[in-house]
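Here is the structure we will look at.
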Amino acid sequence: MKKILIVGAGISGATVANKLANAGKEVLVIDEKTHIGGNCYDLRQDGIMVHQYGAHIFHTSIKEVYEFLSKFTTFTNYEHQVKAVINGKEVPVPFNFNSIDILFEPDRAKELKDKLLAHYKLDSKVPILELQNAEDKELQFLAEFVYENLFLHYTLKQWGLRPDELDKSVSARVPVYVGTDDRYFPWDAYQGIPNEGYTKMMENMFSHKNIEIKLNTSFSSLDANDFDQIIYTGTIDGFFNYKLGELPYRSESFDNVTIDKAFFQSNSVINYPNEHEYTRIIEHKYFLNDNTDKTIISYEYPEAYEQGKNDPYYPIATPETTKLYQSYLELAKEFPKIKFIGRLGDYKYYDMDKAVNRALEVALQIQQKG
Ligand code: UDP
């Protein structure tokens with residue numbers, strides 16, 4: 001049997017571990033944390049499933065990913081919606097026709113919606129940075145309104161950068177939506193939350209006689225020569241000891257508060273683009289419809305990642321960081337025994353489904369190599 005080391009017990013590591021164990025490989029999974037699940041880790045507190053590292057909503061268009069995860073969990077039919085507070089009103093995000101109706105007088109709202117429909121198809125997604133280039137004066141007005149009230153200050157808080165300083169794909173994740181669908185991911189066929197939580201789902205993925213898990217264990221405490229193949233889901237620059245310079249990451253801190261009433265807010269996630277230091281408030285009980293007298297909310301504060309102080313959550317996609325990452329990729333070619341995957345290994349702003357998809361691909365490559 002070939003011995004495989006997987007560094008990181010998050011969703012990428014769990015996917016590769018499960019696939020390779022089923023293919024007959026002997027797998028050791030290590031993680032520096034004291035729990036499995038990576039940043040998808042959730043835990044029931046006072047009867048409420050609390051997402052310990054921020055809201056995780058599973059959504060995908062990739063059937064293979066949905067079917068793979070469905071072997072380890074059932075999903076609720078939860079369909080995510082987000083509201084943002086603009087001018088004191090809660091409006092749907094992605095910004096859509098209903099958001100316009102809430103924020104503008106009926107005649108003006110009609111003009112703006114008609115303009116959008118004259119330029120874009122119903123139910124299409126228009127990235128804000130693209131809408132800003134519209135030649136039509138009314139669309140320019142709308143673009144500036146949405147940019148200023150929804151994107152600019154939220155993005156400054158979240159990344160410490162303006163939307164146009166980041167890769168376009170970041171703000172394009174939350175486009176302006178030409179239609180009335182209030183869901184956050186109207187374009188994804190499969191959505192839901194694992195009925196018994198993400199941690200349980202991943203416990204099931206790791207539950208195989210060929211998989212051993214060691215928590216509280218760092219990569220540096222092992223001898224890489226003991227393994228035929230290493231799958232590394234930590235930061236790629238950290239792996240190389242920052243030899244070419246540090247890649248930047250964004251981190252988060254969460255202020256969790258238990259409140260002695262059934263509900264705190266009208267929705268699972270409410271964004272505050274313009275007020276407060278936090279970006280959003282999560283009310284966890286909405287995800288699994290937990291029936292409790294109390295509620296638990298989390299204020300989410302973005303912050304810079306600093307080694308040894310907090311955890312890296314998001315790679316920061318800019319032209320400079322993409323170039324530096326490419327240099328690390330070149331360096332990685334000299335180490336064919338090691339495969340880098342996941343948000344931190346690939347330095348990509350993956351959603352859970354994209355992380356799983358990438359891990360499935362890599363597991364297949366390893367299996368084909370024999
Ligand atoms: N964004 C924004 N205002 C919002 C929601 C999102 O400016 O109300 C921008 C912001 O730059 C954010 C990005 O869109 O980082 C992606 O948002 P998403 O909700 O996908 O972020 P995540 O849930 O992954 O933190």
Side-chain angles (χ1 to χ4, degrees), residues 11 38-40 51 53-60 80-87 89-96 98-99 102-103 125-132 143-177 182-188 191 193 198 248-254 265 267-282 284 287 298-305 311-318 321 342-344 348-355:
I11 200 161
N39 283 358
C40 303
H51 293 191
Y53 302 93
H56 280 73
I57 319 299
F58 180 73
H59 60 100
T60 193
H80 194 42
Q81 295 194 8
V82 172
K83 308 274 185 240
V85 175
I86 295 180
N87 294 342
K89 294 176 175 153
E90 287 176 9
V91 309
V93 182
F95 196 92
N96 66 15
N98 297 327
S99 320
I102 294 171
L103 289 163
K125 310 185 263 180
V126 189
I128 185 61
L129 297 178
E130 192 181 311
L131 192 63
Q132 281 183 311
E144 281 323 302
F145 179 89
V146 175
Y147 182 81
E148 176 60 35
N149 289 287
L150 188 65
F151 283 93
L152 178 59
H153 305 283
Y154 186 104
T155 303
L156 286 170
K157 282 194 275 187
Q158 175 67 27
W159 302 95
L161 295 169
R162 294 191 313 270
D164 61 292
E165 293 176 300
L166 290 156
D167 191 276
K168 284 189 173 72
S169 59
V170 175
S171 53
R173 289 167 60 92
V174 186
V176 171
Y177 192 77
D182 281 348
R183 290 173 303 166
Y184 205 54
F185 310 109
W187 42 84
D188 280 330
Q191 307 193 27
I193 310 284
Y198 290 95
Y249 301 86
R250 209 64 183 154
S251 188
E252 302 268 1
S253 77
F254 295 94
Q265 60 189 25
N267 196 58
S268 60
V269 177
I270 299 192
N271 292 0
Y272 291 87
N274 306 305
E275 297 90 13
H276 313 297
E277 273 179 52
Y278 49 83
T279 46
R280 49 191 171 190
I281 302 177
I282 302 160
H284 297 268
F287 298 134
S298 301
Y299 296 89
E300 185 168 336
Y301 294 89
E303 57 190 25
Y305 164 62
D311 287 336
Y313 279 48
Y314 298 86
I316 304 181
T318 66
T321 63
R343 260 196 191 189
L344 307 176
K348 296 226 163 45
Y349 188 177
Y350 288 139
D351 287 328
M352 288 180 282
D353 66 324
K354 300 292 185 328

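For ligands, and for the atoms within them, numbers begin at 1 and follow the listed sequence. Quick caveat: nothing in here was measured; it's all calculated off a predicted structure.
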Ranked by distance from atom 11 (O) of ligand 1, the top protein heavy atom is T155 OG1, 2.9 Å

- Query: Is there a heavy atom of R280 sitting under 4.0 angstrom from any atom of ligand 1?
  - Reply: yes

Given the options R280, E275, H276, Y278 meets side chain to side chain donor-acceptor pair (under 3.5 Å) only with H276

among protein heavy atoms, the one nearest atom 13 (C) of ligand 1 is V170 O, 3.7 Å

Numbered in order shown, the ligand 1 atoms found under 4.0 Å of a heavy atom of W159 are 11 (O), 12 (C), 15 (O)

- Aromatic plane relationship, W187 with Y177 - under 30° parallel, 30 to 60° tilted, over 60° perpendicular: tilted

Practice item. State whether the side chain of Y198 and the backbone N or O of H56 hold a donor-acceptor pair below 3.5 Å, judged by distance alone. Key: yes

Note: K157 and Y272 closest approach over all heavy atoms is NZ-O, 2.5 Å

Ranked by distance from atom 22 (P) of ligand 1, the top protein heavy atom is Y349 OH, 3.3 Å

So CG of L161 and CG of D167: to nearest 0.5 Å the spacing works out to 12.0 Å

Of all protein heavy atoms, the one nearest atom 18 (P) of ligand 1 is Y184 OH, 3.6 Å

- prompt: Is there at least one pair of N or O atoms, one from Y154 and one from ligand 1, spaced under 3.5 Å apart?
  reply: no

Taking every heavy atom of P92 against every heavy atom of S99, the minimum-distance pair comes out as O-OG, 2.7 Å

Give yes if a backbone or side-chain nitrogen or oxygen of Y314 is under 3.5 Å from a nitrogen or oxygen of ligand 1, and no if not.
yes

Scanning both residues in full, the closest heavy-atom pair of L103 with F95 reads CD1-CE1, 3.7 Å

For atom 20 (O) of ligand 1, the closest protein heavy atom turns out to be R173 NE, 2.8 Å

CZ of R173 to CZ of F185, rounded to nearest 0.5 Å, is 7.5 Å

- Query: Does the separation of the ring centres of Y313 and Y305 fall below 6.0 angstrom?
  - Reply: no

Atoms of ligand 1 under 4.0 Å from any heavy atom of Q158, numbered from 1 in the order shown, are 15 (O)

CD of Q158 to CD1 of I316, rounded to nearest 0.5 Å, is 9.5 Å

With heavy atoms and a 4.0 Å threshold, my read on which part of H80 contacts ligand 1 is neither

Ranked by distance from atom 5 (C) of ligand 1, the top protein heavy atom is N271 ND2, 3.6 Å

of all protein heavy atoms, closest to atom 3 (N) of ligand 1 is L150 O, 2.9 Å

re atom 6 (C) of ligand 1, the protein heavy-atom contact at minimum distance is V174 CG2, 3.8 Å

Between S171 and ligand 1, is there a nitrogen or oxygen pair with a distance under 3.5 Å?
no

Is there a polar contact, in the sense of an N or O pair closer than 3.5 Å, between V93 and ligand 1? no

